[in-house]
Amino acid sequence: MGYRVISPASLLLTSLVLAHGVTQAMTQKAPNVIMFLVDDMGFNDVSWRDERMHTPNLQRLRDDGVELNQLYMLPKCTASRAAIMTGRYPYKTGLQSNQVFRHCKNNTLPLHLKTLPQYMKDLGYSTHAVGKWHLGFCNLSATPTHRGFDSFYGSYMGSIDNYKLEFTKGEGGYDFHFNEVPHWASKGHYSTDLLTQRTQSILKEELSGGGGEKTSPVFIYLAYTAVHDPIQSPSRYIKHTKCSHIKDPYRRKYCGMVAAVDESVGNITSTINALGLEDEFLLLFASDNGGAWAHGASNWPLRGHKGTVFEGGTRVAAFIHGKKFLPRSPYAYNGLLHGVDIIPTLVGAAGGTVRDDMDGLNAWQQLQQNVSSGRTEIVYNLDTEGEMGAIRHMNATSDFKLVYDKYEKLDGGCAGWQGEPPGAPKRPAIVPCPDYMLFDLSVDPQENDDVSNKFPAVLKQLTDRYSQLKKEEVKKPYYQCMKMSKPHITGGAWTHGWC
Ligand SMILES: *[C@@H]1O[C@H](CO)[C@@H](O)[C@H](O)[C@H]1NC(C)=O
Ligand SMILES: *[C@@H]1O[C@H](CO)[C@@H](O)[C@H](O)[C@H]1NC(C)=O
Ligand SMILES: *[C@@H]1O[C@H](CO)[C@@H](O)[C@H](O)[C@H]1NC(C)=O
Ligand SMILES: *[C@@H]1O[C@H](CO)[C@@H](O)[C@H](O)[C@H]1NC(C)=O
Ligand SMILES: *[C@@H]1O[C@H](CO)[C@@H](O)[C@H](O)[C@H]1NC(C)=O
């Protein structure tokens with residue numbers, strides 16, 4: 001399909017850094033990259049927003065790095081991961097559904113789509129997936145080691161028990177693998193600890209002794225199974241951290257699970273420092289979608305939750321760290337970014353260019369310079385069958401968002417607000433809503449007021465645009481729970497080769 005990455009002849013690359021109005025040429029080695037993707041972590045679930053959360057390591061990296069104030073993802077796991085992995089909006093690849101990939105179905109990330117690790121490999125990176133995949137495994141060709149990763153250690157599906165490492169939303173079955181085979185020795189250990197140790201081993205194997213001379217940089221995609229339900233964490237995180245002060249028992253337990261992720265990030269950065277490589281890494285941290293209220297997460301003060309196209313379902317806690325590569329840090333970056341921008345931006349950071357019909361934009365230089373990303377539109381999602389979608393249009397004078405949501409009304413209304421800090425006024429969790437709503441995010445980022453009556457011309461402009469985008473929508477393929485469902489678990493573990 002003509003995908004190409006233009007890579008420099010060697011990994012010594014020249015990047016333009018605009019400092020004090022002067023364009024300088026600077027020679028840099030391509031950064032090692034770790035992308036930390038947390039599952040279902042809420043916008044408010046970090047210590048710089050809710051000080052009751054125990055995330056000192058994340059706070060340190062964010063305080064010293066570039067906070068991504070407006071990074072958006074899709075409302076749910078599979079769609080978000082598909083956007084991150086392909087740089088394409090899921091409505092254009094048939095992956096827009098809020099119904100995530102099911103264990104028994106023949107669903108896969110379409111095999112013709114080039115993936116993030118494949119782009120990184122073209123630039124000379126070694127590539128490793130650690131953690132949750134959730135983009136299909138019914139045939140070997142769909143699994144991480146056949147989709148661009150040199151190695152894989154983790155689970156094929158979402159919602160695994162964090163100690164038993166078994167799937168929790170169906171017939172069970174062990175779901176923890178090393179490359180293409182089940183890894184039984186991991187059973188009984190806490191998933192966040194396992195994923196941390198694996199990441200530390202990769203770093204030591206690939207980079208120790210190299211101290212910067214090693215020619216091939218490393219890309220690690222670390223997708224935690226935390227903090228998705230089931231909410232589980234070793235008791236030490238709950239007892240010996242600030243979490244013990246949290247009264248609400250759900251949030252206290254959830255805080256413990258977040259604290260474990262924070263400790264994991266701290267341990268990994270310690271390993272990097274011990275290797276003497278603290279200046280050679282870009283660390284990107286983000287949640288895959290908004291938090292789930294039912295499990296103790298909070299997206300406060302944003303509206304909505306995981307599974308909705310409101311801000312609380314899609315605007316995620318995020319930062320990028322790497323002082324050498326982002327010389328102006330620390331600062332908060334307010335430019336609009338979407339999960340589809342991750343491929344072109346990381347490829348840009350590594351000195352390459354994506355020549356493709358991707359939806360993502362390369363915002364690397366804009367991030368380095370703290371200027372607008374150039375993004376003027378976000379398609380939050382567009383799911384005709386699921387009856388939910390939203391788009392946003394931003395220019396120099398206005399910033400409006402159109403929300404289409406018929407689906408949620410089945411539950412009596414659209415999502416409102418929940419997860420307020422102690423002492424804050426309670427707000428309605430469910431509110432009545434029309435099919436189309438218009439929000440002026442420039443003055444109302446919490447989506448309090450539907451202004452469709454006040455700005456009929458904007459409403460028309462955005463509904464017209466929505467209808468136009470609909471023409472590009474690729475229908476979700478027909479997936480089926482395969483007849484041979486049970487034998488998908490062979491010897492007690494999930495396997496591939498049945499579609
Ligand atoms: C299944 O994966 C194998 C290994 O990559 C490949 O040879 C085969 O063509 C795939 N089958 C289907 C139906 O995609
Ligand atoms: C972090 O490292 C400490 C000290 O080695 C260890 O006790 C702890 O289990 C590690 N935590 C994680 C999440 O890996
Ligand atoms: C970054 O840009 C924002 C405007 O979006 C500005 O308020 C802020 O001061 C800038 N920070 C730095 C360190 O350049
Ligand atoms: C900015 O966008 C608004 C609403 O989407 C539109 O009405 C207006 O004409 C645009 N302004 C410019 C300068 O393009
Ligand atoms: C899934 O399997 C069903 C039944 O064999 C088939 O009709 C459908 O096309 C398959 N879907 C995909 C995406 O391969």
Side-chain angles (χ1 to χ4, degrees), residues 17-21 36 38 54-58 63-70 78 82 93-95 97 99 101-102 104-113 130-131 135-139 141-142 162-163 186 189-201 203 222 224-227 232-237 240-241 256-274 323 326-337 363 366-375 394 396 399 442 474-485 488 498-499:
V17 176
L18 200 68
H20 311 294
F36 298 91
V38 191
H54 189 68
T55 62
N57 292 295
L58 298 178
D63 287 354
D64 197 34
V66 178
E67 182 171 6
L68 304 176
N69 251 335
Q70 295 209 76
T78 296
T93 57
L95 294 158
S97 179
Q99 300 185 333
F101 276 6
R102 296 260 338 259
C104 58
K105 288 189 176 178
N106 56 344
N107 33 209
T108 61
L109 182 72
L111 300 182
H112 68 279
L113 296 173
V130 182
L135 287 171
F137 67 98
C138 65
N139 189 40
S141 56
N162 292 284
Y163 293 98
S186 297
H189 299 278
Y190 186 56
S191 64
T192 300
D193 291 339
L194 292 169
L195 303 180
T196 309
Q197 285 155 16
R198 168 67 185 152
T199 304
Q200 291 172 311
S201 316
L203 293 171
L222 170 48
Y224 291 98
T225 59
V227 292
Q232 298 165 307
S233 95
S235 58
R236 68 196 165 98
Y237 295 108
H240 303 303
T241 68
M257 204 172 185
V258 172
V261 169
D262 180 78
E263 188 180 278
S264 165
V265 173
N267 285 7
I268 290 166
T269 51
S270 296
T271 300
I272 291 172
N273 295 350
K323 270 206 137 119
L326 296 158
R328 288 195 170 197
S329 30
Y331 58 90
Y333 185 67
N334 292 318
L336 276 191
L337 294 171
Q366 288 81 350
L367 269 176
Q368 287 184 311
Q369 295 162 17
N370 186 23
V371 296
S372 156
S373 65
R375 179 171 277 292
M394 188 168 129
D399 186 2
S442 69
V474 171
K475 209 170 165 308
K476 181 179 114 182
Y478 172 68
Y479 303 126
Q480 198 177 357
C481 259
M482 307 298 275
K483 271 192 224 132
M484 304 287 283
S485 183
H488 302 168
W498 43 270
C499 70

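Counting starts at 1 for both ligands and their atoms, following the listed order. Quick note: residue numbers are just sequence positions, from 1.
- Side-chain N or O atoms of Thr269 include one that pairs as donor or acceptor with a backbone N or O of Val265 at under 3.5 Å.
- Counting only heavy atoms, the protein gets under 4.0 Å from atom 13 (C) of ligand 2.
- With hydrogens left out, the protein atom closest to atom 4 (C) of ligand 5 is Gln480 OE1, 2.8 Å, a heavy atom.
- A donor-acceptor contact shorter than 3.5 Å links the side chain of Asp262 to the backbone of Leu58.
- Checking only distances, Asn370 does come within under 3.5 Å of ligand 3, N or O to N or O.
- Between Glu263 and ligand 2, an N or O atom pair is found at a separation short of 3.5 Å.
- Here the side chains of Glu263 and Asn267 are in contact, with some heavy-atom distance below 4.5 Å.
- Residue contact check: Thr196 has heavy atoms under 4.0 Å from atoms 13 (C), 14 (O) of ligand 2.
- When heavy-atom distances to ligand 2 are checked against a 4.0 Å cut-off, Tyr190 has no atom that comes that close, whether in backbone or side chain.
- Within the 3.5 Å criterion, the main-chain N or O of Asn334 finds a donor-acceptor partner in the side chain of Gln70.
- Protein heavy atoms are found less than 4.0 angstrom from atom 2 (O) of ligand 2.
- Among protein heavy atoms, the minimum distance from atom 5 (O) of ligand 2 is reached at Asn267 ND2, 4.9 Å.
- Heavy-atom contacts from other residues, nucleotides or ligands closer than 6.0 Å to CD of Gln200 number more than 12.
- Between Tyr478 and ligand 5, an N or O atom pair is found at a separation short of 3.5 Å.
- In this structure, Tyr237 and Tyr190 have tilted ring planes: the angle between them lies in the 30° to 60° band.
- In summary, the atoms of ligand 2 found under 4.0 Å from a heavy atom of Asp193, numbered by their order in the structure, are 11 (N), 12 (C), 13 (C), 14 (O).
- Within a 4.0 Å radius of atom 9 (O) of ligand 3, the protein contributes no non-hydrogen atoms.
- The aromatic rings of Trp498 and Phe137 sit perpendicular to each other, their planes meeting at more than 60°, with 30° as the lower class boundary.
- Atoms of ligand 3 found under 4.0 Å from any heavy atom of Asn334, numbered from 1 in the order shown, are 5 (O).
- Side chain of Ser373 to main chain of Leu336: a donor-acceptor pair is present (N/O by atom type, distance under 3.5 Å, no hydrogens or angles).
- Among all protein heavy atoms, the one lying closest to atom 7 (O) of ligand 2 is Arg236 NH1, 4.7 Å.
- Formation of a donor-acceptor pair under 3.5 Å by the Tyr333 side chain with backbone atoms of Val371 is found in this model.
- Taking a cut-off of under 4.0 Å to the non-hydrogen atoms of Ala260, the atoms of ligand 2 that pass are 13 (C).
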